[in-house]
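Below is one structure, written out as structure tokens, with a few remarks after it.
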Amino acid sequence: MTFTLAIVGRPNVGKSTLFNRLVGKRLALVDDQPGVTRDLREGEARLGDLRFTVIDTAGLEQATDESLQGRMRKLTERAVDMADVCLFLVDARTGITPTDEVFAEILRKRGTKVIVGANKAEGRAGEAGAMEAWGLGLGEPLILSAEHGEGLGDLLQVLMPLADAHAAHAEDTAPVTDVALDEDGEAVADAGEGALRWPTPERPMQIAVVGRPNAGKSTLINSILGDERLLTGPEPGITRDAISLSIDWDGLPVRIWDTAGMRKKARVQERLEKLSVSDGLRAVKFAEVVVVLLDAAIPFEQQDLRIADLAEREGRAVVVAVNKWDIEEDRQGKLRDLRTAFERLLPQLRGAPLVTVSAKTGRGLDRLNAAIRGAYQVWNSRVPTAQLNRWLAGMVEAHPPPAPAGRRIKLRYMTQVKTRPPGFVVMCSAPDKMSDSYTRYLVNGLRADFDMPGTPIRLHMRGQGAKNPYKGKRERNAGALAKHLGKGQPKAKGG
């Protein structure tokens, strides 16, 4: 078990820059304007031989009401309580401010081990501010530059004894477990799953929750967690970073991503919002299951369709969830209209799960969990080759392929080449002349006959008439060698 380090401090002192430096990736959004980070972001940090969990937090502000800044502060204070060690960053160039002194007092009272870091201390400009940090009464400040990676060796020296003490305590209090492992040292999948590798705590299912601003994505994830872990509120666009959380959701190990609301491209003007949207798109690419969250009051708007289509084009398993169902009056009629609109507007996802939820009350989360499990299983579907070719013969007999210029295209052979999503290849006589309508006919047949509703299916036509450049290569090489050797031999007399 690794220890947890929370990076706290005023806005714009370099917390996210240091976080990115410790995890070795640009995970947290960084910008010159203060207050970019709003949620808690966790990452696996590496410093020398030391491994630990680091938490990036929102900038500490003095607001204590229910305003956005007040809610951000409460979330940061929770991170302090969660962490084993706090790194309190101050801006060495600005010097110690009254706000720094207030929060130093708060950290002292909470009893967590606190390390002071004087950031932006490169060069002479930060020397005075670094000396002032002694006055906070939290011990010797570390001289750091997150931007340039300076002072990290000193941070390692301070953290090492704390890490050793934490490891010793964890070993003494670790519970006894009895988990069956396979030859690779991984947890054995549940019986009955067949060839499907079911998610494990070491390899959880990757889920991204996406949608328009104010659809209730953060509230939904908080409801799944049973904890106010993510910042929520009536203001649209609160979430900026794509925040991931690892949890056990009713026996299903998942890593769930909360993403920034995606508006129409023409409306995205600010650089920071562009970064937030691109962060969300990256989460979709790394996800296995994408939950497209709609607002029940205004479902299937143009942007919702674009987001769902994006997930399908990326080849992800898709679940459509309709939120704010608790305020609907005519639920039966509304559900009927939703299903009709879904079939009409998203034919490429025909059969994908459509579930209704209330992120506020938590109703429908069991249905969402079941829909995600089902979509993941379908996404991992594999069909035996022999069964596929019997099916292909029946499809061709029922509806023969097109015959451009009077010559019927012959479909000779079919096999599945991949899963996640299911991908198939059909060997045929003229792949470039195959119509899109016939390809859709085969894809729809695969969905219906092999129980693969909603998942993206990739079907490729491939020709068999191309000349094999390696065919007869051995014979040609042997002939060339004999001819070459024969040139140097004298001709036989009398022949």
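A quick note: this is a predicted structure, and the numbers were derived from the prediction, not measured. Positions are given from 1 along the sequence.
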When you measure from the side chain of K334 to the backbone of A296, do you find a donor-acceptor pair of N or O atoms at a distance under 3.5 Å? yes
For the residue pair V292 and A308, what are the closest heavy atoms and their distance? CG2-CA, 4.1 Å
Under 6.0 Å between the ring centres of F286 and W257? no
Pairing donors with acceptors under 3.5 angstrom, does anything connect the side chains of T53 and T4? no
Could you note down all residue pairs passing salt bridge (Lys or Arg N to Asp or Glu O under 4.0 Å) where residues 291-301 supplies at least one of them, sequence neighbours left out? R212-E301, D295-K324
If only atom types and distance count, is the side chain of R412 paired as donor or acceptor with the main-chain N or O of M427 below 3.5 Å? no
Hydrogens and angles aside, do S429 and R408 bring a side-chain donor and acceptor to less than 3.5 Å of each other? no
Less than 4.0 angstrom from a charged side-chain N to a carboxylate O is my criterion; do R51 and E44 meet it? no
For R331, does the CZ atom have more than 12 heavy-atom neighbours from other residues, nucleotides or ligands under 6.0 Å away? yes
Find out whether P299 and D304 are in side-chain contact, i.e. whether some heavy atom of one side chain is under 4.5 Å from a heavy atom of the other. no
Between T439 and M461, the two heavy atoms sitting closest are OG1-CE, 4.1 Å
Quick one: does L338's side chain get under 4.5 Å of V320's, heavy atoms only? no
So, the side chain of R316 versus the backbone of P456: is there a donor-acceptor pair under 3.5 Å, distance only? no
Any P422 side-chain heavy atom under 4.5 Å of Q416 side chain: yes
Check R458 with E312, please: is the shortest side-chain N to carboxylate O separation under 4.0 Å? yes
Are any non-hydrogen side-chain atoms of L446 and M414 less than 4.5 angstrom apart? yes
Donor-acceptor under 3.5 Å (R46 side chain, G24 main chain): no
Tell me every residue that passes ring pair (Phe, Tyr, Trp, His ring centres under 6.0 Å) with F424, counting only those two or more places apart in sequence or in another chain. none
Around atom CG of D49, are there more than 12 heavy atoms of other residues, nucleotides or ligands at under 6.0 Å? no
Side-chain contact test, heavy atoms from C-beta onward, threshold under 4.5 Å: evaluate it for P453 versus R447 and give yes or no. no
Under a 3.5 Å threshold, yes or no: a donor from one side chain and an acceptor from the other, between T419 and N380? no
More than 12 foreign heavy atoms under 6.0 Å from NZ of K418: is that the case here? yes
Examine distances only and state if a side-chain atom of Q206 and a backbone atom of E288 form a donor-acceptor pair shorter than 3.5 Å. no
Please answer whether the main-chain N or O of W249 pairs with a side-chain N or O of N369 as donor and acceptor at a distance below 3.5 Å. yes
Under 3.5 Å: donor-acceptor pair, side chain of W325, backbone of V355: no
Does the N323 side chain pair with the main chain of L293, one donor and one acceptor, at a distance under 3.5 Å? no
What is the minimum heavy-atom distance between A317 and A375, and which atoms define it? CB-O, 3.7 Å
Side chains of L220 and D258 in contact at under 4.5 Å (non-hydrogen atoms): no
When the ring planes of W198 and Y376 are compared, do they come out parallel, tilted or perpendicular, using 30° and 60° as the limits? perpendicular
Check whether any side-chain heavy atom of T385 sits under 4.5 Å from a side-chain heavy atom of Y413, and report yes or no. yes
Using a distance-only test with no angle check, is there a side-chain donor-acceptor pair under 3.5 angstrom linking R440 and N444? no
Heavy-atom nearest pair, G362 first then S223, reads CA-OG, 3.4 Å
Assess whether atom CZ of R407 is packed by more than 12 heavy atoms of other residues, nucleotides or ligands within 6.0 Å. no
Check the orientation of F300 and F342. Use parallel for under 30°, tilted for 30 to 60°, and perpendicular for over 60°. parallel
Look at the side chain of R21 and the backbone N and O of E147, then say whether any donor-acceptor pair between them is shorter than 3.5 Å. yes
Minimal heavy-atom distance between I409 and A430, with the atoms involved, is CD1-O, 3.8 Å
Is there a side-chain contact between F450 and S381 (heavy atoms, below 4.5 Å)? no
